[in-house]
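Below you will find the structure I want to go over with you.
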Amino acid sequence: MKKLIPHCFMLTAVMISACVQASAQKKSPVLNHIAHYVKDLEKCTAFYRDILQIDTIPEPFHDGRHTWFKIGEHSQLHLIGGAKEVTTHDRNSHLCFSVPSMDAFINGLQKNRISFYSWAGELNKVTNRVDGVKQVYITDPEGYWVEINDDRY
């Protein structure tokens, strides 16, 4: 019986190791990109690049219909030109970006005469969430909603 105990521990260790390796190999889906179909690519590109200050990255098509932005370590925002019209979007469907300073961001909005809204829809008001995060909502030139907050996660 004494010889079986080490073998049992060894077998258990091998089984645990196999389970850990199997779970490490199993990956959940990760965000690759979000695409917005826009009518005025130039105006939308300027908004995300100059107002939100998101860096553009090379796009492979080189056809004048695409602008790509880096929005995370391995995530991108793709603007695709060619929409026939600007469509209405609900604030519940939005992108969200965190900034280091809400005051600095809001100053930039005001400098560029861009309106912002609280979650309740109050013009030029900030929402203070119950978890302490401050947030505002803006629209890009085509009406896509963007939340800006100071979450530090």
**OP:** Kindly state whether the ring of His89 and the ring of Trp145 have centres lying under 6.0 angstrom apart.
**Re:**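 They do not qualify: ring centres at least 6.0 Å apart.
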
Original post:
Is there a chain of hydrophobic side chains (I, L, V, M, F, W, Y, each step under 4.5 Å between heavy atoms) that links Tyr137 to Tyr48?
Top reply: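 Looking at the clustering, Tyr48 is in a separate group from Tyr137.
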
**OP:** Show your reasoning for whether side-chain contact (heavy atoms from CB on, under 4.5 Å) applies to Thr67 and Glu59.
**Re:** CA-CA 7 Å; Thr67 304; Glu59 53 87 7; over 6 Å; no

Original post:
Cluster question for you: counting only ILVMFWY and a side-chain heavy-atom cut-off of under 4.5 Å, with indirect links fine, are Ile34 and Val86 together?
Top reply: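 No, because Ile34 and Val86 fall into different hydrophobic clusters, even though each may have its own neighbours under 4.5 Å.
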
Original post:
Between the side chain of Glu142 and the main-chain N/O of Asp40, is any donor-acceptor distance below 3.5 Å?
Top reply: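 Yes.
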
Original post:
Once you round to the nearest 0.5 Å, how far does CG of Asp50 lie from OG1 of Thr45?
Top reply: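 One gets 9.5 Å once the value is rounded to the nearest 0.5 Å.
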
Original post:
Would you call the rings of His78 and Trp68 parallel, tilted or perpendicular if under 30° counts as parallel and over 60° as perpendicular?
Top reply: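 It falls in the parallel class, under 30°.
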
**OP:** Would you confirm whether Lys70, through its side chain, and Glu73, through its main-chain N or O, come within 3.5 Å as a donor-acceptor pair?
**Re:**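 Here the side-chain-to-backbone pair exists.
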
Original post:
Would you call Val30 and His74 a side-chain contact if the rule is heavy atoms closer than 4.5 Å?
Top reply: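 Not touching, per the 4.5 Å side-chain cut-off.
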
Original post:
Of the non-hydrogen atoms in Tyr37 and Gly81, which two are nearest, and what is the gap between them?
Top reply: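 Here Tyr37 and Gly81 meet closest at CE1-O, 3.8 Å.
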
Original post:
Any idea which heavy atoms bring Arg65 and Gly82 closest together, and the distance?
Top reply: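 In this case the closest contact between Arg65 and Gly82 is NH2-CA, 4.3 Å.
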
Original post:
Taking atom types as modelled, is there a side-chain donor on Asp151 or Asn149 under 3.5 Å from an acceptor on the other?
Top reply: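 Their side chains do not contain a donor-acceptor pair, so the 3.5 Å distance test is not met.
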
Original post:
Taking all atoms of both residues into account, what is the closest heavy-atom pair of Leu95 and His36, and its distance?
Top reply: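 Residues Leu95 and His36, closest heavy atoms: CD1-CE1, 3.9 Å.
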
Subject >> Straight-line distance of Leu79 CG to Glu42 CD, nearest 0.5 Å >> reply: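 The CD atom of Glu42 is 12.5 Å from CG of Leu79, to the nearest 0.5 Å.
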
Original post:
In Å, rounded to the nearest 0.5 Å, how long is the span from CG of Leu52 to CD1 of Ile114?
Top reply: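 The distance works out to 8.0 Å.
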
**OP:** Starting at NZ of Lys134, measure out to CZ of Arg129 and round the result to the nearest 0.5 Å.
**Re:**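 Reported value, rounded in 0.5 Å steps: 13.0 Å.
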
Original post:
Under the side-chain contact (heavy atoms from CB on, under 4.5 Å) criterion, do Phe116 and Ile106 qualify, and how do the steps go?
Top reply: CA-CA 8 Å; Phe116 59 94; Ile106 288 171; 3.7 Å; yes

**OP:** Measure the spacing between CZ of Phe69 and CD of Gln53 and express it to the nearest 0.5 Å.
**Re:**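 Between atom CZ of Phe69 and atom CD of Gln53 there are 12.0 Å.
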
Original post:
Under a single-linkage definition using a 4.5 Å side-chain heavy-atom cutoff for Ile, Leu, Val, Met, Phe, Trp and Tyr, are Leu109 and Leu123 assigned to the same hydrophobic cluster?
Top reply: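 Hydrophobic grouping puts Leu109 apart from Leu123.
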
**OP:** Kindly compute the distance separating OG (Ser98) from OH (Tyr153), expressed to the nearest 0.5 Å.
**Re:**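 One finds 5.0 Å between OG of Ser98 and OH of Tyr153.
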
Subject >> Intermediate values then yes/no, side-chain contact (heavy atoms from CB on, under 4.5 Å), Phe97 and Ile54 >> reply: CA-CA 10 Å; Phe97 299 101; Ile54 302 172; 3.7 Å; yes

**OP:** Report yes or no: do Val133 and Val99 belong to one cluster of Ile/Leu/Val/Met/Phe/Trp/Tyr joined by side chain heavy-atom distances under 4.5 Å?
**Re:**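 Shared cluster, no.
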
Subject >> ILVMFWY network linking Ile57 to Ile51, side-chain heavy atoms under 4.5 angstrom >> reply: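 Different hydrophobic clusters.
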
Subject >> Closest contact, heavy atoms only, Asp150 versus Met102 >> reply: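 Residues Asp150 and Met102, closest heavy atoms: CB-CG, 3.6 Å.
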
Original post:
At their closest point, which heavy atom of His94 faces which heavy atom of Glu147, and how far apart are they?
Top reply: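 Looks like NE2-OE1, 3.1 Å.
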
Original post:
What are the two closest heavy atoms between Ile80 and Ala35, and how far apart are they?
Top reply: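 Closest pair (atom of Ile80, atom of Ala35, distance): CD1-CB, 4.0 Å.
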
Subject >> Verdict with supporting geometry, Tyr117 and Thr127, side-chain contact (heavy atoms from CB on, under 4.5 Å) >> reply: CA-CA 8 Å; Tyr117 302 87; Thr127 298; over 6 Å; no

Original post:
Is any side-chain heavy atom of Cys96 closer than 4.5 Å to a side-chain heavy atom of Val146?
Top reply: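 Cys96 does not reach Val146 side chain to side chain.
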
